[in-house]
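Note sheet for the following structure.
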Amino acid sequence: MHSKRYCAAWPVAAALVATVLALPSQAAPLTLDEALRLSEDNAPSLTAQAAKLEAANSAAIPAGELPDPKLLLGVQNYPIGGPDRWSIDQDFMTMQMVGVMQEVPNRDKRRARIEVAEAAVDRATAERRVERLNVRQATALAWISSYSVERKQALFQDFFRENRLLADAVRAQIAGGRAQAADAVTPRQEAALLDEQEDELIRLRAQARAALRRWIGPAADEPLAGNLPEWPINVAGYSHKLPHHPALTAFVPMTREAQAKVHEAVAEKKSDWSWELDYQRRGREFGDMMSVQLSFDLPLFPGSRQNPKIAAKHAELNQLEAEREALTREHAQQLEDDLAEYQRLNRAVRRSQNSLLPLAKEKVALTMASYRAGKGDLAAVIAARRELIEARLKHIDFEEQRALTSARLYFTYGENHQ
């Protein structure tokens with residue numbers, strides 16, 4: 001009896017489970033840490049760098065190996081005249097030959113090829129590290145921009161509410177005979193200007209989300225959560241970390257690769273050689289034969305062959321060293337600019353929070369009190385309100401710019417050197 005009851009309950013339970021599974025899952029908020037994690041899983045450029053590293057590792061395996069041997073087949077001393085012409089086994093000199101030949105590049109050349117391959121692996125590893133930095137940094141910048149524009153959008157709820165309160169106050173003033181009827185238009189004009197600013201924020205939000213979507217995919221459409229990051233910025237110590245900038249450390253394997261190519265070009269001056277072993281079969285009445293042969297390259301004209309190649313590889317090495325120096329100076333300038341900008345923005349955020357915002361709020365309160373008392377005009381109230389709105393939006397701008405600057409510094413000099 002109970003078993004029948006249980007059997008009847010199974011379809012109900014299955015239906016409940018199916019219903020729960022069919023419900024749309026609630027989207028998890030997108031924090032900065034989650035965005036950074038997703039970027040490493042979704043960025044196609046990192047997938048490309050991983051494939052490049054795999055290719056370099058695979059190419060390094062045969063780098064120092066000898067070339068494949070060659071199978072030789074042929075007929076030697078085949079007669080085309082005389083009584084035995086066109087016969088393959090009548091003339092005692094005619095031989096059917098099978099052999100094997102192995103080319104042997106000189107030892108220095110093979111060693112240089114191994115060095116080139118190993119340096120290529122290290123270069124691919126360094127380039128992947130640089131790309132990972134670029135992806136994480138770009139993701140953080142996009143998340144910060146998205147978060148900041150949405151903070152601004154949230155302020156507009158307060159702005160519109162305050163605008164409605166102003167409109168009520170203006171109507172009260174007009175009804176009391178302390179304001180002109182034309183003043184009733186002013187709050188509506190202010191509301192239209194707020195709508196215009198909000199439209200601009202909608203555009204900026206779409207652009208910021210598109211930038212974030214580039215790095216993390218569809219998850220960029222999820223609601224954001226958390227606060228602006230507060231990374232520790234070592235203003236005094238970052239200058240010492242400049243030589244360890246990922247883009248500069250990538251020049252170490254690049255330089256090794258260029259030096260190995262110079263060694264390979266120099267090795268061209270030394271002879272390569274090859275050996276050959278042949279078995280020659282003749283007619284039944286003649287004995288078979290075997291041959292051994294060695295051959296050597298003769299680099300007799302280095303002035304027009306090997307030396308120009310060596311000079312070209314030296315020039316490429318010099319080019320690489322000059323590019324590294326140029327990039328070092330560029331990053332040194334960028335570091336000084338970012339540090340100076342970060343310090344300026346720190347001061348700007350403190351000034352805005354401790355001085356400009358409180359003063360703007362006080363000015364609005366005073367002008368509004370004067371207007372309600374009939375001692376001030378509406379234009380002064382509107383001007384003070386515009387100043388407060390701009391001060392609140394500018395405060396978010398300062399915090400955003402400081403977070404963006406700290407992101408550039410942290411991912412370049414902080415995260416990789418803890």
Any donor-acceptor N/O pair, [X] side chain to [Y] backbone, under 3.5 Å:
X      : Y      : answer
Asn42  : Gly217 : no
Ser355 : Ser352 : no
Arg113 : Ala63  : no

Exercise: identify the closest heavy-atom pair between Arg136 and Leu36: O-CD2, 3.3 Å

Ala220 to Leu30 - nearest heavy-atom pair and separation: CA-CD2, 4.2 Å

Any side-chain heavy atom of [X] sitting closer than 4.5 Å to one from [Y]?
X      : Y      : result
Val98  : Leu72  : no
Arg256 : Asp122 : yes
Pro243 : Leu248 : no
Asp195 : Phe160 : yes
Phe251 : Leu327 : yes
Lys52  : Arg128 : no
Asn163 : Arg385 : yes
Ile202 : Gln153 : yes

Hey, are [X] and [Y] close enough for a salt bridge, meaning a charged N less than 4.0 Å from a carboxylate O?
X      : Y      : answer
Asp199 : Arg203 : no
Arg111 : Glu115 : no
Asp288 : Arg281 : no
Glu40  : Arg132 : yes
Arg305 : Glu268 : no

[X] [atom1]: over 12 foreign heavy atoms closer than 6.0 Å:
X      : atom1 : value
Ile80  : CD1   : no
Arg329 : CZ    : no
Arg214 : CZ    : no
Glu390 : CD    : yes
Arg386 : CZ    : yes
Arg324 : CZ    : yes
Arg213 : CZ    : yes
Glu285 : CD    : yes

If you apply the rule side-chain contact (heavy atoms from CB on, under 4.5 Å), what do you find for Met101 with Trp275, and how did you get there? CA-CA 6 Å; Met101 191 264 283; Trp275 56 264; over 6 Å; no

Look at the aromatic rings of Trp231 and Tyr410 and report parallel, tilted or perpendicular, splitting at 30° and 60°. parallel

Under the criterion side-chain hydrogen bond (donor to acceptor under 3.5 Å, both in side chains), I'd like the reasoning laid out for Glu330 against Gln334: C-alpha separation, chi angles, the key distance, then a yes or no. CA-CA 6 Å; Glu330 178 184 341; Gln334 186 64 50; over 6 Å; no

Identify which one of Pro67, Pro105, Ser295 satisfies the side-chain contact (heavy atoms from CB on, under 4.5 Å) criterion when paired with Ser274. Ser295

Between Trp215 and Leu141, is a side-chain contact (heavy atoms from CB on, under 4.5 Å) present by the stated rule, with each step listed? CA-CA 11 Å; Trp215 302 110; Leu141 298 181; over 6 Å; no

Using the salt bridge (Lys or Arg N to Asp or Glu O under 4.0 Å) rule, take Glu150 and Arg209 through it: C-alpha gap first, then chi angles, then the decisive distance, then the call. CA-CA 11 Å; Glu150 290 179 20; Arg209 289 286 184 154; 2.6 Å; yes

Go through the steps to decide whether Thr405 and Glu341 satisfy the test side-chain hydrogen bond (donor to acceptor under 3.5 Å, both in side chains), and finish with yes or no. CA-CA 7 Å; Thr405 303; Glu341 179 69 1; 5.2 Å; no

Between Glu399 and His395, does the side-chain hydrogen bond (donor to acceptor under 3.5 Å, both in side chains) criterion hold? Intermediate values first, please. CA-CA 6 Å; Glu399 290 187 327; His395 181 73; 3.3 Å; yes

Walk me through it: do Thr186 and Val170 pass the test side-chain contact (heavy atoms from CB on, under 4.5 Å)? CA-CA 9 Å; Thr186 304; Val170 169; over 6 Å; no

Are Leu335 and Leu409 close enough, and set up right, to give a side-chain contact (heavy atoms from CB on, under 4.5 Å), and what steps lead you there? CA-CA 8 Å; Leu335 175 59; Leu409 290 168; 3.7 Å; yes

For salt bridge (Lys or Arg N to Asp or Glu O under 4.0 Å), just list the numbers for Lys270 and Asp297, CA-CA rounded to whole Å, side-chain angles, deciding distance to a tenth of an Å, and then say yes or no. CA-CA 8 Å; Lys270 295 184 177 181; Asp297 292 339; over 6 Å; no

Strictly by modelled atom types, are Lys269 and Asn307 linked by a side-chain donor-acceptor pair under 3.5 Å? yes

Between Asp397 and Gln401, does the side-chain hydrogen bond (donor to acceptor under 3.5 Å, both in side chains) criterion hold? Intermediate values first, please. CA-CA 6 Å; Asp397 283 337; Gln401 293 302 317; 6.0 Å; no

Lys261 and Glu264: salt bridge (Lys or Arg N to Asp or Glu O under 4.0 Å), yes or no, with the steps? CA-CA 5 Å; Lys261 289 181 178 180; Glu264 186 178 7; over 6 Å; no

